[in-house]
Each structure stands twice: as C-alpha cells, then as structure tokens.
Protein chains: 2
Amino acid sequence: MDKINIKRLAEELNLSTSTISRALQDSYQIGAATKQRVLELAKKLNYQPNPHASSLGSSRSKTIAVVIPEVFDSYFALAINGIEAVAQAQGYHVLIYLTHERLQLEQEILHAFRSGRVDGVVISVSAETTSTAHIQALRAQGVPVVFFDRAADDVDTARVTTNDTESAYQATCHLIERRCTTLLLLSISRHLSIGRQRIAGYRQALTEHGLAFRDDDIVDCGQDPEANRELLEATLRARPGIDGIISTVEMLTESTYQACYALHRRIPQDVKVVSFYNSRSAAILNPSLTTISQPAFEMGKTAATLLLKALRNPKSTLVAENVVLPSVLTIRNSTASIG
Amino acid sequence: MDKINIKRLAEELNLSTSTISRALQDSYQIGAATKQRVLELAKKLNYQPNPHASSLGSSRSKTIAVVIPEVFDSYFALAINGIEAVAQAQGYHVLIYLTHERLQLEQEILHAFRSGRVDGVVISVSAETTSTAHIQALRAQGVPVVFFDRAADDVDTARVTTNDTESAYQATCHLIERRCTTLLLLSISRHLSIGRQRIAGYRQALTEHGLAFRDDDIVDCGQDPEANRELLEATLRARPGIDGIISTVEMLTESTYQACYALHRRIPQDVKVVSFYNSRSAAILNPSLTTISQPAFEMGKTAATLLLKALRNPKSTLVAENVVLPSVLTIRNSTASIG
DNA sequence: GTGAAAGCGCTAACAG
DNA sequence: CTGTTAGCGCTTTCAC
C-alpha cells in the first residue's frame, strides 16, 4: 500500500491526472459519471490531497492568519471562535500568531506573510503599533487584510469595530448620572485609534456635563496585572477624590477591584466602576460589574466573512469600510446608586 | 521587479539553486563566505522563501496543529499562549482547530491531517471522545500526537496532564474538613479519563472520611450555561441537604454561583464551592472563589516542547509518557468556615 | 469531455 | 565545498 495520490487514482481509473484533479474540484468540465467514479475511488482509497502541492500549484493556501496581541482576554478568545467558525465552514484553515503587544514581532510576522503562506489576514494590532508600513506593504503584495477591534486608521481596508466612542460616552454618562464627579479612565494605548476613541467618548461626556477633562485622569496601564494594581493603588491614594473608574480593557478589572479592596474603597459606595468586559463572570464579581460588552464572537465572524468574501472575488478591493457592531452597557452593582 | 526566488538569487550570484538553498538553511556544507553573500543578497532583495514549495519538497510543513474543544475557557486560552510561545521560538506555525466538543468534527479534522498539512498535533480531546481510532490512525501515519489536559487513555503517546485525581481529592478533603457532608461533583465528561480521575479523587476522599459515594451526586453538565444553571437549581432545590459543590470545569462556576444566588443559598454559609478555575478573576468573585488552578500556560508549553522535540528526532518514538504538572489549591472565601 | 505537458519553488540525493 | 538532477503532488494552459 504505497502513497495514494492523484497519479495513483489516475492509473487506477485509466484517466489522466488532470481529469482527476478537475473532478476532485468539481469542475464543470468533467462529466458527472467520471466525477462519480473519481470521488468513489478517492473515498475508497482514503485519498487525502496534499495541501502543499495544491498551494504551490494554485498559489492559494486556503489558509488565513489571525494576528492578535494575546489570548488572555476573553475578548480575543471569543473572537477566535467567531473567526474559526466561518473559516472552518468555508474550508479554510486558521493560523494563530501572537504579537504579545510588541510592534516588532507584529512586523516580523506580517513580513513573513509576504511568502504566500496565507491568503489573507485578520488582525488586531498591538498596543505599540503606531507605524503601519508593515501592514501597507503586505496589502501591496496583494494580501488582503481585515482589522477587527484594534484598527490602524491610516490603512484603507475593511475593519470591524464596535462603537467605541459612543460606548465610552455612555459609560461615562452613566457614572456621571450616578453622581460621580472625578472619573479615572484606564487605558492601555493612548495612540491607538481604539484608545483615542474611548478617550474621546469619555471626554465628550465630561464636557457635555460641565466637568473638566484632565489629562492625568487618564491612567496609562501596562501588561502586568501586579504593576497595574500598584499603579492604581498609588493613584487612588494620591487622589482620594476619585469616585469613578472606567476601565477600557477587561484585563484591568481585576487590578481595579484589588486596588479598591486594598485601600478599603468600597465599590460602589466610594468608587463606582465600569469596565469593558466580555466574560460571563461579570455577574458574579464582588460586586457584580457594570460592563460594556462587545460582540466579540460576532466581530470575529464578521471580520472573517469579509476577508473570505474578498478572497473569493479576486477583484473585490476590500476598501475602507467600517462595520460597526454595537456594544452593550449592562448596569450592575458596581455602579449602583448609594441608598 | 519580478518574483524573487531561489533561482533568481542563484543567477544573481552565479551559484546553483541548491547552494542557495543550503546557504539559506545554514548548512555546514557551505562556505562562510558564500553564505554571507547569499544572505546579504536575500536580505537586500527581500527574499521570502515559499513555504509551500519547501513543505512539498521536504515533506515537512514546520506547522503544528492545536486541536481543542473551545476557547471560551481561560484554560485553553492560556494553553494556546504556551504552545504558541514555544512554536514561535522554534520557527513553527500554529494552526488552530476547534472541535466544539464534538467527536465527529474531531475525527474529520484529524482525518484531514493525514495529508501532511501538519508535522504534529497537540490535542485536548472533546467531551464526546470515547473511541480513538482517528487518533491511532493519525499516529500510524507517522504524525506525532501529544495530549494535554484531556487525554485518551488507550493511546500510547506523550501526555501532559495535571494531577487530577489528587486535586479533586484535595478539594474534596478541604470541603469535608470544612464540615460539608453532602457534596455534589459537577462533571462534563464522565467517560473521559480526566473526568473519571476527578471523580476518583472525589470518591476516594469521601470514602476515607467515611462518607458515602452516591452516583447521583455526580451531575452531568452540558455546554450551555443557562441549561446548566437550571439543572443545578433543580438539583439544589430537590436536595436541600447539599452543602458543598466541586465544579470540575471553569465554565460551570458562573452557573453554580447563579443557581445559588437564585435559591438564596449563601456561599459559603449554606453551600461551599470550589472550582477548577484558571482566570485571575477568582479573587474578585462574590464570594472570592476557592480554586484548583492548573498550570495552563506551562502545560501548553510542555506539550509543544515534547512535540517539537519529537519532530526534531525522527526516530524519537514519543512513547507513553505522562508529564504531570501539579495544580494548586487556593483557599478563598467560597469555602470559608462559618463563624 | 479528456489528455499532455509544463511548471509552482524548493529540497535532497548523488556527483565531483 | 558546490553543482546536477530529479522529483514533491497538484494545477492549469493548451490541444484534441
């Protein structure tokens, strides 16, 4: 029992390899009867086409890449599910790359994609990504790119985001309505579009309500939960007047709660907290957390769908198009009114 | 500026393509000077090797597959990080496949691997996986497989697990010490090795403490959080005597808490809860959760390391070998003594 | 409707 | 140390 390949099938059926190839691809040029025979034999012999050979021949890999900063956050975990779902349904394979929030790694990864390893890329850029030459270059090589969640403004391609400005605005308004007057915004990327938008929404809400926007109300957090907790503790200690916190990243929730616990700042009595948060655990936190939850799964699904559609029509340009899926503000106890 | 490939480099340098190929692979056969020239030109021309061609030629794809049930759980998210970290470091690529806990999908996915798409597989089997012919068959084709977390007993290959029996035993003992007498164990896979082990540990603890093991103290949960919550509510309502719950899956924690909330069963006063749980949010739950946390990242890392090592030595057999990394029981308020 | 044949770009004996 | 020469298995014009 030697290797069974297209040639073997051809011999067995007294057909040429090209006919087999076409039959397997369900080409219209092949007679139904022939197709039938080919498919049957293939099934019987347990034929598995060699993907590398077919990628080489066709210059299409049937593979897409997902480039994300991390998978700790439940946002990205959920998004992967969405992406994988549509890819699997359409016969595509999914390669995962983590940038660990580092621009250099992101550049290297995308640079390697110039080789044709993948047909397209779905990406959420790293917190460090300011320059976008690496993304532009990839697109220039004909590799379509779709952003999801964290997009780079200066790249004209499809992006799937949520209504970041508006959500941050709503969250801020909500806190203000609950009588907060000194609001901290926790950010991990001031320069990223998404970070700026959330800041913008926050700022707009403050302004509309006659509150001052202070630059040092924006806290620049990093990747390390411990360090972030310390930073927050220090900030809260230094500024006892703070009575509201908006966390723009799921990961910062734990540090925020821990900092409040440590300083005996009661949530929501002393400080109210709202966070961008996608895990189901929001409802069982202490206290239950008021969240802005993003449609993570849907966003992944949509991004992959856009990409695969572009891959189907070689001419489809995948131009600047922004699909905005709404996030949902769910009010829970972390922002409850006092009495 | 046409396509730059190995042939182009060869012409440019007046060398043969094989020399270029070897130089790029840093073969010992090539003179340092030549290597230098090749690498320089490659860099200058921005040469990117075609991975499909090289996979085809060498029958090695430099790609491994990660097959997991889902990515909702933070366990798998963390494990992916570990796997990706070592793969990236060693120049491997990572394909992700989700089985959605379905055996059939798992079979199809593994079946497709017979094509040589991947050099090896790291897998955590689905909850439905009873028969393992698909895994055996893949191994028979020479594709090494490493299990992590959820292994199939009857496949003789490397596996990376945690001390499931012992952890469940510890958790159960802990509850018994805190004066629980009627303990529920929430499971999602009674027949999976991992499920059985956790049950065994639970059972052993009960027995050693003179408590009866009742088969209907094992609650078989499914994938849907809502349904699980209802099931738990029904169970708790039907059996008011229950004073301890051991959840063997992170995902079940929320349902457990919600069920207790709904029935006004106070945790830990009325019911104590301990869960296998890997997210940092354990400490900020209401009440904070006593957890058994698995070294998820390390487990992923170890599994990938074993696999890649096997890929390096073609002869290395990757025999039945069980690397057991210990889980940690962290006691928090969900199992606090009353008074 | 089917076949012949020329690659796709790289690897890997085998020579020397 | 470098070159020659077959492929790897499939796709895809171009013929018939």
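The basis for the numbers below is simple: all heavy atoms, side chains too, and nothing from hydrogens, waters or symmetry mates. Here is the naming used below: chain letters follow the sequence lines, and residue numbers restart at 1 for every chain.
The phosphate of C:dG3 has neither OP1 nor OP2 within less than 4.0 Å of any side-chain N or O from A:S18. OP1 or OP2 of D:dT11 sits under 4.0 Å from a side-chain N or O of A:S21. One finds a side-chain N or O of B:T19 lying less than 4.0 angstrom from the OP1 or OP2 phosphate oxygen of D:dG3. For C:dC10, the OP1/OP2 oxygens have a side-chain nitrogen or oxygen of B:Y47 closer than 4.0 Å. Put simply, B:R60 has a side-chain N or O that comes within less than 4.0 Å of OP1 or OP2 on C:dA12.
Residues passing the salt bridge (Lys or Arg N to Asp or Glu O under 4.0 Å) test with B:D156: none are found, sequence neighbours excluded.
Residue B:I6 contributes atom CD1, which lies 13 Å from atom P of D:dG3 at whole-angstrom precision. Counting to the nearest Å, the P atom of C:dC10 and the CD1 atom of B:I4 are 8 Å from each other. Residue A:L56 contributes atom CG, which lies 17 Å from atom P of D:dG7 at whole-angstrom precision. Rounded to an integer number of Å, the gap from A:N5 CG to D:dT11 C1' is 14 Å. Atom-to-atom, CG of A:L9 to P of C:dT2 comes out at 15 Å; the value is rounded to the nearest Å. For the pair B:H52 NE2 and C:dC10 P, the interatomic distance rounds to 12 Å; values are reported in whole Å. As a whole-Å value, the separation of B:K7 NZ from C:dA6 P is 14 Å. The distance between atom CD1 of A:I20 and atom P of C:dA5, rounded to the nearest whole Å, is 17 Å.
Side-chain atoms of A:S21 and A:S18 include no donor-acceptor pair closer than 3.5 Å. With no hydrogens or angles considered, a side-chain donor-acceptor pair links B:T129 and B:S126 at under 3.5 Å. B:N46 and A:H111 form a side-chain donor-acceptor contact under 3.5 Å, judged by distance and modelled atom types alone. A side-chain N or O of B:T161 and one of B:N322 form a donor-acceptor pair less than 3.5 Å apart. Under 3.5 Å, the side chains of A:T63 and A:D119 contain no donor-acceptor pair of N or O atoms.
In this structure, A:S58 reaches the sugar-phosphate backbone alone: every heavy-atom distance under 4.0 Å involves primed, P, OP1 or OP2 atoms, never a base.
For B:A53 and B:L15, each mapped to the nucleotide of DNA chain D holding its nearest heavy atom, the one lying further toward the 5' end belongs to B:L15.
Near-neighbour residues of DNA chain C inside residues 24-43 of chain A, defined by a heavy atom below 4.0 Å, number-ordered: A:Q29, A:I30, A:G31, A:T34.
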(message) Is there a side chain to side chain donor-acceptor pair (under 3.5 Å) between A:S193 and A:D153? Walk through the geometry before answering.
(response) CA-CA 6 Å; A:S193 164; A:D153 315 297; 3.0 Å; yes
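Applying the 3.5 Å distance criterion, the base of C:dG3 shares a donor-acceptor pair with the side chain of A:R22.
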